[in-house]
2 protein chains.
Amino acid sequence: MVRPKRTKQHPNLQEAIKETAWEWIAQHGAPALSLRAIARELKITAPAIYNYFPNRDALVTALIIDAYTSFGDSQIAARDAVPADNLTGRLMAIGLAYRNWALTHPQRYQLIFGTPIPGYEAPLMEVLPSAARSLSALVSVLDALRVVSKLNAEEFPAVKKEFKTSFEMWKTYGGNYDILSLSVAVLIWARVHGIVSLEIAGNLPPFGTDGNGLYTYEMAAIEKQFIKE
Amino acid sequence: MVRPKRTKQHPNLQEAIKETAWEWIAQHGAPALSLRAIARELKITAPAIYNYFPNRDALVTALIIDAYTSFGDSQIAARDAVPADNLTGRLMAIGLAYRNWALTHPQRYQLIFGTPIPGYEAPLMEVLPSAARSLSALVSVLDALRVVSKLNAEEFPAVKKEFKTSFEMWKTYGGNYDILSLSVAVLIWARVHGIVSLEIAGNLPPFGTDGNGLYTYEMAAIEKQFIKE
DNA sequence: AAAAATAAATAAACGCCGTATATTTACAGC
DNA sequence: GCTGTAAATATACGGCGTTTATTTATTTTT
């Protein structure tokens with residue numbers, strides 16, 4: 001067979017490849033993703049994909065960036081749905097949105113925070129902008145609490161000097177907040193991530209409280225620990 | 001080439017396969033594990049492995065069980081190194097041992113708690129005994145605290161009925177403790193897991209406090225939240 | 001001791017995969 | 001209308017898990 005006319009093809013193949021990849025991931029799981037499978041779906045030969053992505057990992061990176069953007073949109077929307085003077089409400093809204101997004105898009109969640117692709121490691125520099133933005137919603141609320149002296153983190157461990165340059169880099173994409181707010185955000189992120197990742201992987205429900213109850217309890221504990229009054 | 005004499009072979013190939021697998025994982029990472037690579041290392045043909053493991057996933061399961069056993073040994077040893085009347089000390093020792101084991105054996109940690117093998121999902125029934133035992137150290141300390149009315153978890157969400165049968169199954173391998181103790185243990189597990197998994201994946205240091213400081217802070221917070229007085 | 005049965009290895013092959021190379025062809029600009 | 005480029009195909013390579021058939025070492029039975 002020869003190359004078909006462009007008018008018979010997908011108008012923008014780059015986007016079609018990503019869409020097909022997401023469909024495949026949703027249906028067969030991230031580990032089953034393969035360029036050849038995408039090509040089959042699109043009735044294209046596999047090497048044709050290399051005109052749009054230099055290799056499989058580059059495609060995965062593009063998918064991750066898209067997922068981060070979707071996740072960040074959800075985080076920011078949740079924050080902005082609560083009035084800016086209700087900081088506790090904003091913190092809770094962000095926390096709820098976190099789990100909701102993860103349960104709605106478990107494959108995307110695992111693509112970002114897990115390591116479902118064999119041998120793939122996300123290139124930090126490419127992913128950083130969308131990743132930093134997704135965390136910035138939480139950081140912004142914590143920083144606002146800090147500004148009004150309501151952030152209870154006086155005894156929080158200091159950031160080592162060698163990490164301060166990378167913090168400056170984070171600021172470029174995440175916003176100009178205090179490094180303490182970012183540090184606390186990372187810890188809170190680790191806590192919600194701990195529960196949600198176990199829940200999504202199916203390791204939570206069999207032998208403990210259900211995910212919803214546990215998550216609510218954990219969010220209350222976070223509020224009590226980090227917000228004064 | 002024909003089949004070589006057994007005297008020239010490894011005496012117990014089953015164990016040799018697992019050892020070679022661990023060496024390969026340590027050197028090339030879990031995602032790069034392959035039966036053919038193991039066979040090459042052992043100067044064996046790949047199908048020969050099928051005499052000892054029905055397929056690749058079965059080998060991975062065996063590796064996971066070994067890792068859980070090593071992890072559980074470390075947890076139990078840490079607990080028993082502190083006198084039984086010093087429950088807070090035991091809790092802290094278990095927490096420290098958790099991170100130490102994870103940092104000492106990052107590949108084993110990711111093999112257990114991550115999803116580094118494409119398409120592999122651990123069969124619960126096979127892994128449960130060693131997994132339940134590894135968590136039992138923490139559960140036993142929490143239950144001892146509960147017995148002396150020092151466990152601060154009165155408001156902990158209850159376990160839904162549909163999970164109680166699987167709790168009974170857990171008891172078979174993890175020991176006869178109250179379900180509240182197990183529930184709290186799962187939450188604490190999620191919290192330390194959240195930090196350690198981020199640290200091992202390299203997502204923690206660049207933009208926040210170092211793992212050691214953060215972990216110490218988190219352990220103190222856990223103690224304060226769950227232990228009375 | 002010889003023969004039969006069993007177990008454990010090899011050899012070969014199938015259908016996947018990512019990817020590199022060379023080739024063809026549709027399309028755009030002159 | 002010709003030419004250069006970009007985008008597709010065709011082909012191929014090596015690696016993977018796994019299956020099948022076959023060979024052979026070892027064990028068991030007679």
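So you know, we letter chains A, B, ... as the sequences are listed, proteins then strands, and number each from 1. Everything quoted here is computed from the prediction, not taken from an experiment.
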Visitor: Taking only distance into account, with no hydrogens and no angle test, what donor-acceptor pairs under 3.5 Å do side-chain atoms of residues 30-42 of chain A form with protein atoms, sequence neighbours excluded?
Guide:
from	atom 1	to	atom 2	distance (Å)
A/Ser34	OG	A/Ala37	N	3.0

Visitor: OP1, OP2 of C/dG15 versus side-chain N and O of A/Arg40: anything below 4.0 Å?
Guide: no

Visitor: What N/O pairs connect the protein and nucleotides 17-19 of chain D at under 3.5 Å? Give each pair on its own line.
Guide:
from	atom 1	to	atom 2	distance (Å)
D/dG17	OP1	B/Leu35	N	2.7
D/dG17	OP2	B/Leu35	N	3.1
D/dG17	OP2	B/Arg36	N	3.0
D/dG17	N7	B/Arg36	NH1	2.3
D/dG17	O6	B/Arg36	NH1	2.8
D/dT18	OP2	B/Tyr50	OH	2.8
D/dT18	OP2	B/Arg56	N	2.8
D/dT18	O5'	B/Tyr50	OH	2.9

Visitor: Checking B/Trp24 now: which residues fulfil ring pair (Phe, Tyr, Trp, His ring centres under 6.0 Å) with it, not counting sequence neighbours?
Guide: B/His28

Visitor: Between P on D/dA7 and CD1 on A/Ile17, what's the gap in Å once rounded to a whole number?
Guide: 12 Å

Visitor: In whole angstroms, how far is the P atom of C/dT10 from the NZ atom of B/Lys43?
Guide: 13 Å

Visitor: Residues in side-chain hydrogen bond (donor to acceptor under 3.5 Å, both in side chains) with B/Ser140, at least two apart?
Guide: B/Arg79

Visitor: Let me know the distance between NE2 of B/His28 and P of D/dG15, rounded to the nearest Å.
Guide: 13 Å

Visitor: Tell me every residue that passes ring pair (Phe, Tyr, Trp, His ring centres under 6.0 Å) with B/Tyr217, counting only those two or more places apart in sequence or in another chain.
Guide: A/Phe156

Visitor: Can you measure B/Leu13 atom CG to C/dA7 atom C1' for me and round it to whole angstrom units?
Guide: 13 Å

Visitor: Figure out the CG/P separation between B/Asn51 and C/dA8, and round it to whole Å.
Guide: 6 Å

Visitor: Take atom CD1 of B/Ile44 and atom P of C/dA7, then tell me their distance rounded to the nearest Å.
Guide: 19 Å

Visitor: Check side-chain contact (heavy atoms from CB on, under 4.5 Å) between A/Thr61 and all other residues, then give those that pass, not counting sequence neighbours.
Guide: A/Ile65, A/Tyr120, A/Pro123, A/Glu126, A/Val127

Visitor: Roughly how many Å is it from CD1 in A/Ile38 to C1' in C/dT19, rounded to a whole number?
Guide: 14 Å

Visitor: Could you check whether B/Arg99 makes a cation-pi contact with B/Tyr215, meaning its NZ or CZ is under 6.0 Å from the centre of the six-membered ring and within 45° of the ring axis?
Guide: yes

Visitor: Taking CD1 from B/Ile49 and P from D/dC16, how many angstroms apart are they, rounded to a whole number?
Guide: 11 Å

Visitor: Taking 4.0 Å as the cut-off, does a side-chain nitrogen or oxygen of B/Tyr52 come that near to OP1 or OP2 on C/dA8?
Guide: no

